[in-house]
Protein chains: 2
Amino acid sequence: MTSNLTVSALIKSKRKQLKITQPQLADKAGVGLRFIREMEQGKTSLRMDKVNQVLLLFGMELGPVLVNRKKLTDEKS
Amino acid sequence: MTSNLTVSALIKSKRKQLKITQPQLADKAGVGLRFIREMEQGKTSLRMDKVNQVLLLFGMELGPVLVNRKKLTDEKS
DNA sequence: TTATTATATACCCGATAGGGTATAAATCAA
DNA sequence: TTGATTTATACCCTATCGGGTATATAATAA
């Protein structure tokens with residue numbers, strides 16, 4: 001199964017795992033606190049380079065992924 | 001093996017597959033021609049929403065992916 | 001070669017991302 | 001409850017993204 005987690009959800013959970021606050025994450029990533037917040041809140045117009053600065057802390061980056069074919073039960077192809 | 005194709009490479013190859021020009025792709029995606037060019041040339045500071053507008057034409061979207069552990073032969077862990 | 005077509009580069013400019021900061025609202029612990 | 005901590009909202013401001021357009025440089029075909 002292809003997970004397809006949103007950036008928003010991923011960052012939030014990863015940050016919680018590390019038990020650090022938004023200001024601390026912003027600091028580590030070298031981005032503004034406001035950016036971390038907009039990211040966790042799912043803003044869609046973020047700049048890729050900034051997002052990658054944060055994702056890289058978790059060994060990840062933005063890449064093209066297949067759109068989630070909704071649940072198998074939802075529709076018949 | 002996790003492909004990890006860049007957005008740039010993916011768009012360029014997908015566009016060629018469809019045998020359409022940059023202006024045509026820009027048109028279909030609803031973005032400017034300049035944007036398509038910057039995208040194919042690997043500009044890193046693109047806005048996610050705009051990139052997704054284009055990727056969606058190919059059934060894809062931006063998502064967090066694991067950073068490529070370089071080739072197995074390149075380095076010893 | 002010369003046309004034709006596709007792609008790249010350069011400019012102007014409006015819109016907005018993102019930084020900073022201040023304040024408000026949650027959340028949690030005592 | 002009250003106080004401390006974390007997160008959310010709102011504002012100002014600069015930098016720049018991205019659209020449009022014009023020009024330049026391939027690239028391909030005749």
Side-chain angles (χ1 to χ4, degrees), chain A residues 2-71, chain B residues 2-71:
Chain A
T2 328
S3 184
N4 264 25
L5 201 46
T6 64
V7 172
S8 164
L10 181 121
I11 292 298
K12 215 179 307 190
S13 81
K14 286 286 187 184
R15 180 173 65 80
K16 296 293 175 65
Q17 275 180 32
L18 298 193
K19 291 185 174 293
I20 60 178
T21 65
Q22 290 174 339
Q24 290 171 323
L25 179 58
D27 200 57
K28 278 177 176 289
V31 301
L33 171 56
R34 256 217 14 227
F35 182 81
I36 295 292
R37 295 195 167 138
E38 293 175 332
M39 202 169 165
E40 292 197 356
Q41 286 169 58
K43 186 172 180 179
T44 63
S45 55
L46 302 172
R47 281 174 44 173
M48 288 185 60
D49 57 344
K50 294 287 174 183
V51 173
N52 280 329
Q53 261 180 265
V54 181
L55 287 179
L56 224 40
L57 293 178
F58 307 114
M60 310 196 75
E61 66 187 351
L62 285 177
V65 300
L66 288 173
V67 169
N68 256 341
R69 269 301 55 252
K70 335 195 164 307
K71 295 296 259 318
Chain B
T2 328
S3 183
N4 265 25
L5 201 45
T6 64
V7 172
S8 164
L10 181 121
I11 292 299
K12 215 178 307 189
S13 81
K14 287 287 187 183
R15 180 172 65 80
K16 296 293 174 66
Q17 274 181 33
L18 298 194
K19 292 183 172 293
I20 60 178
T21 65
Q22 289 174 340
Q24 290 170 324
L25 179 57
D27 199 57
K28 278 178 177 286
V31 301
L33 171 56
R34 254 211 25 220
F35 183 81
I36 295 292
R37 295 196 167 138
E38 293 175 333
M39 204 168 164
E40 291 197 357
Q41 288 170 62
K43 186 173 182 180
T44 62
S45 54
L46 302 173
R47 281 174 43 172
M48 287 186 61
D49 56 345
K50 293 288 175 183
V51 173
N52 279 330
Q53 261 180 265
V54 180
L55 287 180
L56 224 39
L57 292 179
F58 306 115
M60 309 197 76
E61 66 187 350
L62 286 177
V65 300
L66 287 173
V67 170
N68 256 341
R69 269 305 50 256
K70 333 192 166 311
K71 296 296 261 319

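All figures in this text were calculated on a predicted structure; none of them were measured in a lab. Every chain is numbered from 1 and lettered A, B, ... according to where its sequence line falls, protein lines coming before strand lines.
Contact annotation: B:K50 side-chain N/O to D:dC17 OP1/OP2 distance is not under 4.0 Å. Of the side-chain N and O atoms in A:Q41, none sit less than 4.0 angstrom from OP1 or OP2 of D:dT7. Residue B:K12 has no polar side-chain atom (N or O) positioned under 4.0 Å from OP1 or OP2 of C:dT7.
Rounded to an integer number of Å, the gap from A:L25 CG to D:dA8 P is 13 Å. Rounded to whole Å, the distance from CD1 on B:I36 to P on D:dC17 is 16 Å. Atom CG in A:L46 sits about 10 Å away from atom P in C:dG19, given to the nearest Å. Across the protein-nucleic acid pair, A:M39 atom CE and C:dA17 atom P stand 15 Å apart, rounded to whole Å. Note: CZ (A:F35) to P (D:dA10) measures 20 Å, nearest angstrom. Atom CZ of A:R47 and atom C1' of D:dA15 are 9 Å apart (whole Å). Look at CZ on B:R37: it is 12 Å from C1' on C:dT5, rounded to the nearest Å. The separation between A:M48 atom CE and D:dT16 atom P is 18 Å, rounded to whole Å.
Looking only at distances, a side-chain donor or acceptor of B:Q53 sits under 3.5 Å from a matching main-chain atom of B:G30. Between the A:E61 side chain and the B:V67 main chain, no donor and acceptor come within less than 3.5 Å of each other.
The side chain of B:T21 approaches C:dA6 more closely than any other nucleotide in the set C:dT9, C:dG18, C:dA6. Here the nucleotide nearest the side chain of A:R34, chosen from D:dC12, D:dC17, C:dA8, is D:dC12. Listed nucleotides D:dG18, C:dA17, C:dT7 differ in distance to A:S45; the shortest reach to its side chain belongs to C:dA17.
Separating the CG atom in A:L25 from the CG atom in A:L18 is a distance of 8.0 Å, to the nearest 0.5 Å. Rounded to the nearest 0.5 Å, atoms CG (B:L56) and CZ (B:F58) are 10.5 Å apart.
At the heavy-atom level, A:L33 lies nowhere under 4.0 Å from the strands shown.
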